[in-house]
Amino acid sequence: MNYLPLLAAVPLCILSSFGALAQGTLLKQWASGVVTRSSEYGADTWGAKQVLGEPNTMTYGDNGTAWASATRNGLTQSITVSFTEPVYASAVLVRETFGNGFVTKIFAVDTKGGLHQVWAGKDKTQPGYTVNFIATFPKTSYLVKAVKVVIDPNHDQAAYEEIDAIQLHGTK
Ligand SMILES: [Ca+2]
């Protein structure tokens, strides 16, 4: 019996494991730019730019430090935000701060501008608290530079559906 192939295979396995670690480090980025939005309640407070950067809305409720659409209820709304480092994406975090439970779809935007739906479903986030809703999906085979979050403004008829921050999870 020849043991040589087995012995030779061991160092290769170790090497490839280390390689995977180096390339597979999960990067978590807060949104850095607004690409577009369906509407916004204001240009400054409640404006689309309020989703950029780290969270700064710490209490549940109608806060001008989060994005709100122009009307409390009505047509489907969306916001598209970009990130500094394109990544192979595996999750999107949406920080919900009012009217929680409203995310219906998430699209990834590849580096050529192509739109890919990566998540659709029931957002079970409960109202009353600021909550990080995290949508996970199989890692994309393409680099993602932006995401489009689609929301249902009619989820809470008594509230605006507000987003404080959006974070993209992925590997370089
Ligand atoms: Ca509403």
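Start at 1 and go down the list; that is how both ligands and their atoms are numbered. For the single chain, residues carry numbers from 1 onward in sequence order.
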Asker: Does Thr36 use its side chain to pair, donor to acceptor, with the backbone of Thr80 at less than 3.5 Å?
Answerer: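 Side chain of Thr36 to backbone of Thr80: no pair is present.
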Asker: Compute whether any side-chain donor of one residue and acceptor of the other, for Thr125 and Asp123, lie under 3.5 angstrom apart.
Answerer: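 Yes.
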Asker: Identify the residue among Thr57, Asn56, Asp164 that makes a side chain to side chain donor-acceptor pair (under 3.5 Å) with Arg95.
Answerer: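 The single option meeting the side chain to side chain donor-acceptor pair (under 3.5 Å) with Arg95 is Asp164.
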Asker: Measuring from the Ca ion (ligand 1), name the closest N, O or S atom belonging to Asp156.
Answerer: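 This turns out to be O.
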Asker: Tell me, please, if Pro153 has any N/O/S atom, main chain or side chain, under 3.0 Å from the Ca ion (ligand 1)?
Answerer: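 A backbone or side-chain N, O or S atom of Pro153 is under 3.0 Å from the Ca ion (ligand 1).
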Asker: Can an N, O or S atom be found in Asn73 less than 3.0 Å away from the Ca ion (ligand 1)?
Answerer: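 So Asn73 does bind the Ca ion (ligand 1) by this criterion.
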Asker: Got a sec: is Phe102 within less than 3.0 Å of the Ca ion (ligand 1) via an N/O/S atom?
Answerer: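 It does not; every qualifying atom lies at 3.0 Å or beyond.
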Asker: Indicate yes or no: does Arg72 engage Asp156 in a salt bridge with an N to O separation below 4.0 Å.
Answerer: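 No, Arg72 and Asp156 are not salt-bridged.
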Asker: When you draw lines from the Ca ion (ligand 1) to O of Arg72 and to O of Ala159, what angle lies between them, to the nearest 10°?
Answerer: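 If I round to 10°, I get 100°.
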Asker: Between the side chains of Thr45 and Gln50, does any donor sit under 3.5 Å from an acceptor?
Answerer: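 On atom types as modelled, these side chains do not qualify, holding no pair under 3.5 Å.
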Asker: With a cut-off of 3.0 Å, does Ala158 put an N/O/S atom close enough to the Ca ion (ligand 1)?
Answerer: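 It does not; every qualifying atom lies at 3.0 Å or beyond.
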